[in-house]
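Everything below concerns the one structure shown next.
Not measured: the values here are computed from a predicted model.
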Amino acid sequence: MTKEYQDLQHLDNEEKDHHQLRRDSQLQKELQALKETIHNFTGSTEAEVKALSSQGGSVGKKMKLLESQLEKQQQDLREDHSNLLFHVKQFVSSLRSLSCQMAVLQGNGSETLCCPVNWVEFHGSCYWFSKSGKPWPEAEKYCQLENAHLVVVTSWEEQRFVQHHTGPVQTWMGLTDQDGPWKWVDGTDYETGFKNWRPLQPDDWYGHGLGGGEDCAHFTPDGRWNDDVCQRPYRWVCETELNTTSTQPPPA
């Protein structure tokens with residue numbers, strides 16, 4: 001092999017190596033560009049996913065807020081409807097009682113079942129609401145003189161009725177534990193009956209400084225029950241069964 005041929009072959013190999021290096025460099029550039037494209041695409045996609053997730057969370061919160069507002073409005077409507085029905089019943093009851101009393105006062109000679117004047121009818125009973133205060137024993141004695149007793153509450157409806165007429169004032173009811181366990185004055189079973197005590201009541205508290213515990217129950221301004229010293233001068237409510245009425249109103 002001549003020297004010229006060897007030199008030519010060597011040059012040819014160098015040229016091939018050079019071309020290979022150029023191709024490798026181009027491949028590396030293309031590979032780097034592809035990596036950057038993939039990186040940019042991944043970053044962009046992640047940003048879009050986060051944005052969609054954030055929007056989805058915001059929509060979810062708005063949906064929950066709207067659901068909560070709708071539920072509150074429905075609850076308010078139910079309460080308004082219930083209160084409206086209650087007032088309508090009270091109006092009808094008062095109108096019926098007034099008509100009955102007018103018939104009695106006209107003296108048409110027929111026996112009519114209605115409450116005495118100044119008493120309010122509700123579910124077969126008559127109720128009288130005081131405007132002054134007395135200790136529990138005196139209030140119960142007053143009711144007995146009217147052939148009645150301090151009010152005995154046996155249902156939520158009766159509770160609402162009494163609370164509606166008494167308003168936010170302390171008012172005695174016919175419930176006491178002066179002789180041991182809690183008892184209703186008309187013998188209604190206390191243990192299995194309706195109750196509406198305030199939390200942690202009755203507590204028979206002795207810290208009031210008036211002597212003894214708390215043996216008489218009353219309505220508090222919000223309608224729930226509390227036990228208190230029987231000598232406190234609270235208002236009271238009398239209750240009696242609906243019977244043939246007389247034309248004589250109760251004394252003041």
Side-chain angles (χ1 to χ4, degrees), residues 72 75-98 114-140 142-144 146 148-177 182-203 205 214-242 250 252:
K72 178 64 167 58
Q75 178 65 26
D76 290 342
L77 285 174
R78 285 192 293 267
E79 291 179 358
D80 290 343
H81 182 257
S82 177
N83 289 332
L84 179 60
L85 286 178
F86 177 78
H87 287 294
V88 168
K89 287 181 180 179
Q90 287 302 295
F91 175 75
V92 172
S93 177
S94 298
L95 184 61
R96 185 172 61 249
S97 178
L98 179 60
C114 58
C115 293
V117 176
N118 296 327
W119 289 60
V120 182
E121 180 188 345
F122 180 78
H123 287 190
S125 292
C126 300
Y127 300 81
W128 184 84
F129 300 88
S130 78
K131 300 300 181 183
S132 59
K134 289 182 181 292
W136 191 96
E138 293 182 25
E140 171 61 9
Y142 177 96
C143 293
Q144 290 175 358
E146 297 301 322
H149 53 73
L150 284 172
V151 65
V152 174
V153 185
T154 59
S155 68
W156 270 114
E157 282 192 310
E158 189 173 18
Q159 165 75 31
R160 290 184 63 193
F161 164 78
V162 173
Q163 187 176 346
H164 171 73
H165 284 278
T166 58
V169 295
Q170 313 280 13
T171 306
W172 289 125
M173 68 179 72
L175 182 62
T176 178
D177 69 345
W182 286 101
K183 293 180 180 179
W184 290 107
V185 291
D186 71 341
T188 296
D189 185 66
Y190 167 78
E191 293 299 332
T192 60
F194 172 79
K195 302 178 184 67
N196 190 34
W197 293 104
R198 274 187 167 183
L200 305 179
Q201 300 299 329
D203 60 356
W205 188 52
E214 298 176 322
D215 299 324
C216 296
H218 66 96
F219 300 96
T220 61
D222 66 4
R224 290 180 295 180
W225 306 352
N226 178 58
D227 58 335
D228 207 338
V229 180
C230 299
Q231 294 303 315
R232 293 193 188 276
Y234 291 157
R235 294 187 185 185
W236 72 97
V237 182
C238 295
E239 178 184 1
T240 188
E241 292 183 1
L242 180 62

Would the Trp197 and Trp182 ring centres measure less than 6.0 Å apart? yes
Check the pair Thr188 / Thr154 against side chain to side chain contact (heavy atoms under 4.5 Å, CB included), numbers first and verdict last. CA-CA 8 Å; Thr188 296; Thr154 59; 4.2 Å; yes
Does a side-chain heavy-atom distance below 4.5 Å link Met173 with Val151? yes
Worked verdict on Arg235 versus Thr166 for side chain to side chain contact (heavy atoms under 4.5 Å, CB included): CA-CA 9 Å; Arg235 294 187 185 185; Thr166 58; over 6 Å; no
Could you tell me which non-hydrogen atom of Trp172 sits nearest to which non-hydrogen atom of His218, and how far apart they are? CE3-CB, 3.6 Å
Rounded to the nearest 0.5 Å, what separates atom CD in Glu241 from atom CG in Asp186? 9.0 Å
Determine whether Asp227 and Asp203 satisfy the following criterion, side chain to side chain contact (heavy atoms under 4.5 Å, CB included), listing intermediate values before the conclusion. CA-CA 7 Å; Asp227 58 335; Asp203 60 356; 3.3 Å; yes
Give me the atom names and distance for the closest heavy-atom approach of Lys134 to Tyr142. CE-CD1, 4.5 Å
Exam field: side chain Ser130 to backbone Trp236, donor-acceptor pair closer than 3.5 Å: yes
Donor-acceptor pair, Gln159 side chain versus Gly223 backbone, under 3.5 Å? yes
Closest contact, heavy atoms only, Cys143 versus Val237: SG-O, 4.2 Å
Considering all heavy atoms of both residues, which atom of Cys115 and which atom of Leu242 are nearest to each other, and what is their separation? N-CD1, 3.6 Å
With the side chain counted from C-beta on, respond yes when Cys216 and Gln231 share a heavy-atom pair under 4.5 Å apart, and no when they do not. no
Evaluation steps, side chain to side chain contact (heavy atoms under 4.5 Å, CB included), between Gln170 and Thr220: CA-CA 5 Å; Gln170 313 280 13; Thr220 61; 4.1 Å; yes
How long is the span from the OG atom in Ser132 to the OH atom in Tyr234, to the nearest 0.5 Å? 15.0 Å
Can you see which heavy atom on Trp128 is nearest to which on Asn118, and at what distance? CD1-O, 3.5 Å
Give, for atom OG of Ser155 and atom CZ of Phe194, the distance between the pair rounded to the nearest 0.5 Å. 7.0 Å
Beyond-backbone contact of Cys238 with Gln144, side-chain heavy atoms, under 4.5 angstrom: no
Considering all heavy atoms of both residues, which atom of Trp119 and which atom of Glu146 are nearest to each other, and what is their separation? CZ2-CB, 4.1 Å
Please report the interatomic distance CD(Glu214) to CG(Asn226), rounded to the nearest 0.5 Å. 6.0 Å
If you round to the nearest 0.5 Å, how far is SG of Cys230 from CD of Glu138? 12.0 Å
Only residue of Phe129, Phe219, Phe122 satisfying ring-ring contact (aromatic ring centres under 6.0 Å, His included) with His165 is Phe129
Got a second to check how far Glu121's CD is from Tyr127's OH, nearest 0.5 Å? 10.0 Å
